[in-house]
Peer 1: 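Could you have a look at this structure, given as structure tokens, before my questions?
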Amino acid sequence: MRRSIPFAVLAALAACSSAESAGGGGGPGGGGFPPMPVEVAEALRDTVVEAISATGQIEAVQAIELRPEVDGRIVEIVIREGAEVARGAPLIRIDDAELKQQAAAAEAERDLARQALQRTRLLLEQNASSSADLERAEATSRSAEARYELLRLRLDRAVVRAPFAGVVGQRFVSLGDYVTSATPLLALQTFHPQRAVFQVPERHAEQLRRGQTVRFRVAALPGREFTGVVDFVDPVVDPTSRQITVKAEVPNARRLLQAGMFLDVRLATEVRPQAVVVPEEAAVPVAGSVHIWVAVDGKATRREVELGVRTPGFVEVRRGIAAGEQVVVGGQARLAEGAPVAPQVVERKPVRPAERR
């Protein structure tokens, strides 16, 4: 009997302690655990752009190595390397003294042939010549005219002219060089507009079309962003790389973009102006899926979401979160489903491209 008394007392004390805990020992008046302080931000609506990332380079719309159309010695280099030229501007002159003499002789022969034709016609009117003589005179006149025009054309081509407006590149010859039709003289290329050329994997073939917007940066010009419009999508997939070549026209009045520059490109394939975006730290990966904690009526609830486009600091939520809801951006590790929370609102705004520059 002496040993049963302590056990009875202990049982009674344990029952009282259990009753007190069940009655709410979390504070005056009961109420369980205190609300967990968390940081929350509002889910916003913003414009997001679905884009394909690629690399490429700048190319001139037109670029050639000029060669002479007549053989001869260079007697004048009219333009300097790096100069801007208009279409038809003279660039290099080739010695044309011999051609001038040949043209003068051909002109004299043409005049004689015209006079002979005129005499034959008069004689035919007087029945002093035959129709055959007239035909021979007409053929001779046409032949002399054609030879003269050919020499005039060759004489004109002794001056190498710009076939289009552009900027003169490297020169490969010097004054006094003897050149032929196979000799490269100088490079000429357009500079405004330029072309951004890049390759896209063939899996994106259905997303490519003319008129799409391209934004890109060049390694040589840090901090600048350029915009172009797609004007060419290659209808053939490269059999080696399995990629499609895309070209976009880019304004370049200030000549900032030079042929050969390396590009980091983003090709916009879809624009969603009313997408829901949240701060990227709100998204928590869990066992192959992504969840976001949301504060609703002072309690935490976890939702599985589908993410979309990522931008600096933010991510698009395609499913699971509505605009205006408070998503938890700090303190998620301590939360449990239905736990009371004390949300502290922090302001987060998407950064615009102009602000990122």
Side-chain angles (χ1 to χ4, degrees), residues 59-81 83-193 195 231-232 234-236:
E59 287 185 3
V61 175
Q62 296 192 67
I64 60 170
E65 283 186 358
L66 285 172
R67 287 173 168 78
E69 296 185 63
V70 297
D71 299 349
R73 197 169 302 279
I74 295 176
V75 294
E76 184 181 6
I77 298 175
V78 182
I79 206 72
R80 297 179 63 88
E81 292 170 306
E84 293 182 22
V85 296
R87 178 180 179 180
L91 305 176
I92 290 177
R93 298 182 187 277
I94 298 172
D95 185 8
D96 59 0
E98 184 177 349
L99 284 174
K100 285 181 178 178
Q101 295 301 320
Q102 293 176 1
E107 184 179 14
E109 291 176 2
R110 182 202 63 178
D111 293 342
L112 288 173
R114 285 179 175 178
Q115 294 171 7
L117 175 59
Q118 186 65 25
R119 285 196 302 270
T120 303
R121 286 173 177 168
L122 291 174
L123 291 172
L124 185 60
E125 291 176 359
Q126 299 171 3
N127 294 322
S129 181
S130 65
S131 298
D133 293 336
L134 178 60
E135 291 173 357
R136 281 193 294 271
E138 287 176 341
T140 302
S141 178
R142 287 195 301 270
S143 176
E145 186 75 36
R147 185 169 182 275
Y148 172 65
E149 292 297 332
L150 177 61
L151 286 169
R152 280 189 57 191
L153 182 61
R154 294 190 63 200
L155 185 61
D156 181 67
R157 290 179 175 175
V159 179
V160 179
R161 301 179 183 274
F164 51 80
V167 59
V168 176
Q170 184 178 357
R171 176 166 52 84
F172 308 111
V173 293
S174 298
L175 197 65
D177 279 344
Y178 187 88
V179 296
T180 68
S181 58
T183 307
L185 301 177
L186 50 81
L188 180 68
Q189 61 184 9
T190 56
F191 63 88
H192 175 58
R195 257 182 165 178
D231 64 347
F232 171 76
D234 198 337
V236 178

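Excluded from the calculations below are hydrogen atoms, water molecules and symmetry mates; all remaining heavy atoms, backbone and side chain alike, are included. All residue numbers in this chain count up from 1 along the given sequence.
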Peer 1: If you compare all heavy atoms of Ala63 against all heavy atoms of Gln189, which two are closest, and at what distance to 0.1 Å?
Peer 2: CB-CB, 3.8 Å

Peer 1: Enumerate, atom names and distances included, each donor-acceptor pair closer than 3.5 Å involving a side-chain atom of residues 147-164, sequence neighbours excluded.
Peer 2:
from   : atom 1 : to    : atom 2 : distance (Å)
Arg157 : NE     : Glu69 : OE1    : 3.4
Arg157 : NH1    : Glu69 : OE1    : 3.1
Arg161 : NH1    : Gly88 : O      : 3.3

Peer 1: Do Val167 and Leu188 make a side-chain contact, defined as non-hydrogen atoms from C-beta onward lying under 4.5 Å apart?
Peer 2: no

Peer 1: Applying salt bridge (charged side-chain N to carboxylate O under 4.0 Å, His left out), name anything that partners Arg171, two or more places apart in sequence or on another chain.
Peer 2: none

Peer 1: Taking the side chain as every heavy atom from C-beta outward, state whether Ile74 and Ser174 have any atom pair closer than 4.5 Å.
Peer 2: no

Peer 1: Suppose we screen for salt bridge (charged side-chain N to carboxylate O under 4.0 Å, His left out). Which residues come up paired with Glu65, at least two apart in sequence or across chains?
Peer 2: Arg67

Peer 1: Please tabulate, for side-chain N and O atoms in residues 111-126, each donor-acceptor pair with protein atoms closer than 3.5 Å (sequence neighbours left out).
Peer 2:
from   : atom 1 : to     : atom 2 : distance (Å)
Arg114 : NE     : Glu145 : OE1    : 3.4
Arg114 : NH2    : Glu145 : OE1    : 2.8
Thr120 : OG1    : Ala116 : O      : 2.9

Peer 1: For Val168 and Val85, which heavy atoms make the closest approach, and how far apart are they?
Peer 2: CG2-CG1, 3.9 Å

Peer 1: Measure the spacing between CZ of Arg136 and OG of Ser130 and express it to the nearest 0.5 Å.
Peer 2: 6.0 Å

Peer 1: Distance from Leu185 atom CG to Phe172 atom CZ, nearest 0.5 Å?
Peer 2: 9.5 Å

Peer 1: Would you find a donor on one side and an acceptor on the other, under 3.5 Å apart, between the side chain of Asp177 and the backbone of Val179?
Peer 2: no

Peer 1: May I ask you to decide if His192's main-chain N or O and Thr190's side chain share a donor-acceptor pair within less than 3.5 Å?
Peer 2: no

Peer 1: Which atom pairs, donor and acceptor, lie under 3.5 Å between side-chain atoms of residues 90-101 and protein residues at least two apart or in another chain?
Peer 2:
from  : atom 1 : to     : atom 2 : distance (Å)
Arg93 : NE     : Glu76  : OE1    : 3.0
Asp95 : OD1    : Ala97  : N      : 3.2
Glu98 : OE2    : Gln102 : NE2    : 3.4

Peer 1: With sequence neighbours excluded, what pairs up with Glu59 under the salt bridge (charged side-chain N to carboxylate O under 4.0 Å, His left out) test?
Peer 2: none

Peer 1: Does any part of the side chain of Val61, heavy atoms only, come nearer than 4.5 Å to the side chain of Phe191, both counted from C-beta?
Peer 2: no

